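To start, the structure itself, in structure tokens.
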Amino acid sequence: MTASQPLPISRLIGSIPHRLALAGGWIDQPFVSRLNPNPNGSMVVFSVEPTFRVMSRAGWASSTREMALQLWRGQLPDRPRADLVRELYHAENQDRADPSGSQDMIGLIYPGINRLDYNFAVEGGIFPEHIETLNDPACARWLERSLYLLPIEPRPPGYNPLGEKFLEPEWIARLGQTGKDCFEAIRRMDITRLGQSLNEAMLCWKKLLPQSFRHPTIRTDLEGILAAYQQRYAGAMYSGCGGGYLLVIADEPVPGGFQIKIRTEAK
């Protein structure tokens, strides 16, 4: 490569995919799923091509990806995906009081759009009982066209969403249902139902973990921003608690928004 040729971005940020989570987030945590009266509770994650540098502390499983880059020297090994998920889970969560959920690892490793079904009775809810993968390129391209990302801000230093917990079983069941609704909406390429599933997931977060949006360290009106986009477009949610990126479902360009490339391949 000559001096005039720029380095490919993957040489700078690594070739391991990113992951984004949609509806159902938090159902992968055993302290949530153990109270679910309607297992399985589901959430949706999908694998994103590493075509740009993601903002840290923004709900993209950045720390999990950093561990994967170190563990596997920058590339996903050619081994069974379920084995890689467990290896990465244990590497990242060793000696951690509040472990990352396995959805972080699955979203990085599994291609396509994935519905993860969590049941506390199976492995204590740490790993999903079942993974349903949607690798249909048409569905992936549709989701790419329907999803706009707006950078808001990283989680602030000292932020922790777990200071207040109101883990009501009724709302946990509703949260787990949003993942099922989200996945079916993508399968059917139904933008209205997709937006509704994201909006419902945010309502569940607010009820179950109110510091997802309001916390002494947060200075931005996250609830106000979310409501404004939910009223204007089909739906919206944050990429993670405390801010990160706003994910907007729309059938028209969203000012200031950008789009991503979903990684798909044969199972």
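Note that the structure is predicted; figures quoted are calculated from it, not measured.
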Q.
Evaluate R115 against E129 for salt bridge (charged side-chain N to carboxylate O under 4.0 Å, His left out), listing each step before the verdict.
A. CA-CA 11 Å; R115 192 194 72 224; E129 182 176 15; over 6 Å; no
* Trace of the side chain to side chain contact (heavy atoms under 4.5 Å, CB included) decision for L194 with L143 -> CA-CA 10 Å; L194 177 58; L143 183 56; 3.8 Å; yes
query = Where do S102 and D28 land on the side chain to side chain donor-acceptor pair (under 3.5 Å) test, with the steps shown first?
reply = CA-CA 7 Å; S102 61; D28 65 312; 5.3 Å; no
- Message: Show, in sequence, the C-alpha distance, side-chain angles and deciding distance for I262 and V48, and conclude whether the side chain to side chain contact (heavy atoms under 4.5 Å, CB included) test is met.
- Response: CA-CA 5 Å; I262 298 173; V48 179; 5.5 Å; no
Next item on the list: May I have the step-by-step check of salt bridge (charged side-chain N to carboxylate O under 4.0 Å, His left out) for E170 and K207, ending in yes or no?
Entry: CA-CA 10 Å; E170 175 189 353; K207 295 290 186 179; over 6 Å; no
Check step by step if side chain to side chain contact (heavy atoms under 4.5 Å, CB included) holds for Y238 and L246.
CA-CA 5 Å; Y238 285 108; L246 187 67; 3.7 Å; yes
For this session: Take L108 and S47 through the test side chain to side chain contact (heavy atoms under 4.5 Å, CB included) and record every step on the way to the result.
Result: CA-CA 6 Å; L108 294 175; S47 187; over 6 Å; no
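Nearest heavy-atom pair, I13 versus P50, reported as atom, atom and distance to 0.1 Å: CD1-O, 3.6 Å. Of all heavy-atom pairs between A201 and G24, the closest is CB-N, 4.1 Å. Among all heavy-atom pairs drawn from S197 and A23, the shortest one is O-CB, 3.8 Å. Of all non-hydrogen atoms in S212 and C241, the two that sit nearest each other are OG-SG, 3.4 Å. Taking both residues in full, the closest heavy atoms of L116 and P128 are given as CB-CB, 4.2 Å, listed atom of the first, atom of the second, then distance. In terms of heavy-atom proximity, Y233 sits nearest to P255 at OH-CD, 3.5 Å.
In this structure the side chain of N114 never reaches within 4.5 angstrom of the side chain of L134, judged on heavy atoms. The shortest side-chain heavy-atom distance between L71 and L88 falls under the 4.5 Å cut-off. Within the 4.5 Å cutoff, no side-chain heavy atoms of I131 are placed close to those of D117. By the 4.5 Å heavy-atom criterion applied to side chains, L20 and S239 are counted as neighbours. Side-chain contact check for L147 versus V248: every heavy-atom pair is 4.5 Å or farther apart. Side-chain contact check for P111 versus R81: some heavy-atom pair is nearer than 4.5 Å. In this structure, I218 and P156 have side chains that are in contact, with non-hydrogen atoms separated by less than 4.5 Å. Taking 4.5 Å as the limit, some side-chain heavy atom of I191 sits within range of a side-chain heavy atom of S146.
Partners of R57 according to the salt bridge (Lys or Arg N to Asp or Glu O under 4.0 Å) rule, which considers only residues two or more places apart in sequence or in another chain, do not exist here. Annotation: salt bridge (Lys or Arg N to Asp or Glu O under 4.0 Å) contacts of E66 (sequence neighbours excluded): none. Evaluation of the side-chain hydrogen bond (donor to acceptor under 3.5 Å, both in side chains) rule for R53 yields no partner, not counting sequence neighbours. Judged as a salt bridge (Lys or Arg N to Asp or Glu O under 4.0 Å), and not counting sequence neighbours, the contacts of D104 are R19. For R155, there are no salt bridge (Lys or Arg N to Asp or Glu O under 4.0 Å) partners, not counting sequence neighbours.
For the side-chain contact (heavy atoms from CB on, under 4.5 Å) with L22, the qualifying choice from L247, V45, I113 is L247, the only one to do so.
Using a cutoff of 4.0 Å between basic side-chain nitrogens and carboxylate oxygens, E184 and R188 are scored as salt-bridged. Using a 4.0 Å cut-off between a side-chain N of Lys or Arg and a carboxylate O of Asp or Glu, R79 and E87 qualify as a salt bridge. Salt-bridge check for E200 with R174: passed, with a basic side-chain N closer than 4.0 Å to an acidic carboxylate O.
Side-chain atoms of S56 never come within 3.5 Å of backbone atoms of P154 as a donor-acceptor pair (strictly under, hydrogens ignored). Here the side chain of Q230 pairs a donor or acceptor atom with the backbone of A236 at under 3.5 angstrom. Although no hydrogens or angles enter the test, the distance criterion places no donor-acceptor pair under 3.5 Å between the side chain of E92 and the main chain of A68. Between the R65 side chain and the M105 main chain, no donor and acceptor come within less than 3.5 Å of each other.
Residue pairs meeting the ring pair (Phe, Tyr, Trp, His ring centres under 6.0 Å) criterion with at least one partner in residues 81-130, sequence neighbours excluded, are Y89-F127. Listed by first and then second residue, the salt bridge (charged side-chain N to carboxylate O under 4.0 Å, His left out) pairs that reach into residues 237-247 come to none, sequence neighbours excluded. Sorted pairs that involve residues 31-47 and meet salt bridge (charged side-chain N to carboxylate O under 4.0 Å, His left out), not counting sequence neighbours, are lacking altogether. Counting only residues at least two apart or in different chains, ring pair (Phe, Tyr, Trp, His ring centres under 6.0 Å) contacts with residues 36-79 comprise H18-W60, F52-W60, F52-F258, W60-Y245. Under the salt bridge (charged side-chain N to carboxylate O under 4.0 Å, His left out) criterion, the residue pairs touching residues 220-241 are K206-E223, R214-E223, R232-E252, with sequence neighbours excluded. Pairs passing the salt bridge (charged side-chain N to carboxylate O under 4.0 Å, His left out) check and including a residue from residues 137-146, sequence neighbours excluded, read R141-E144. Residue pairs meeting the ring pair (Phe, Tyr, Trp, His ring centres under 6.0 Å) criterion with at least one partner in residues 138-194, sequence neighbours excluded, are Y159-H215.
Counted by atom type alone, N135 and T264 present zero donor-acceptor pairs between their side chains at under 3.5 Å. Using modelled atom types and a 3.5 Å distance limit, the side chains of S100 and R96 yield a donor-acceptor pair. A side-chain donor-acceptor contact under 3.5 Å links K180 and S42.
Here the CG-CG distance, from L209 to N160, works out to 10.0 Å after rounding to the nearest 0.5 Å. In this structure, CD1 in I186 is found 11.5 Å from CG in D136, a value given to the nearest 0.5 Å.
Under the 4.5 Å side-chain heavy-atom criterion for grouping Ile, Leu, Val, Met, Phe, Trp and Tyr, L167 is connected to I126 within one hydrophobic cluster. One hydrophobic cluster, built from ILVMFWY side chains closer than 4.5 Å, cannot hold both V122 and I106; they sit in different ones.
Surrounding CD of Q75 are at most 12 heavy atoms belonging to other residues, nucleotides or ligands under 6.0 Å away.
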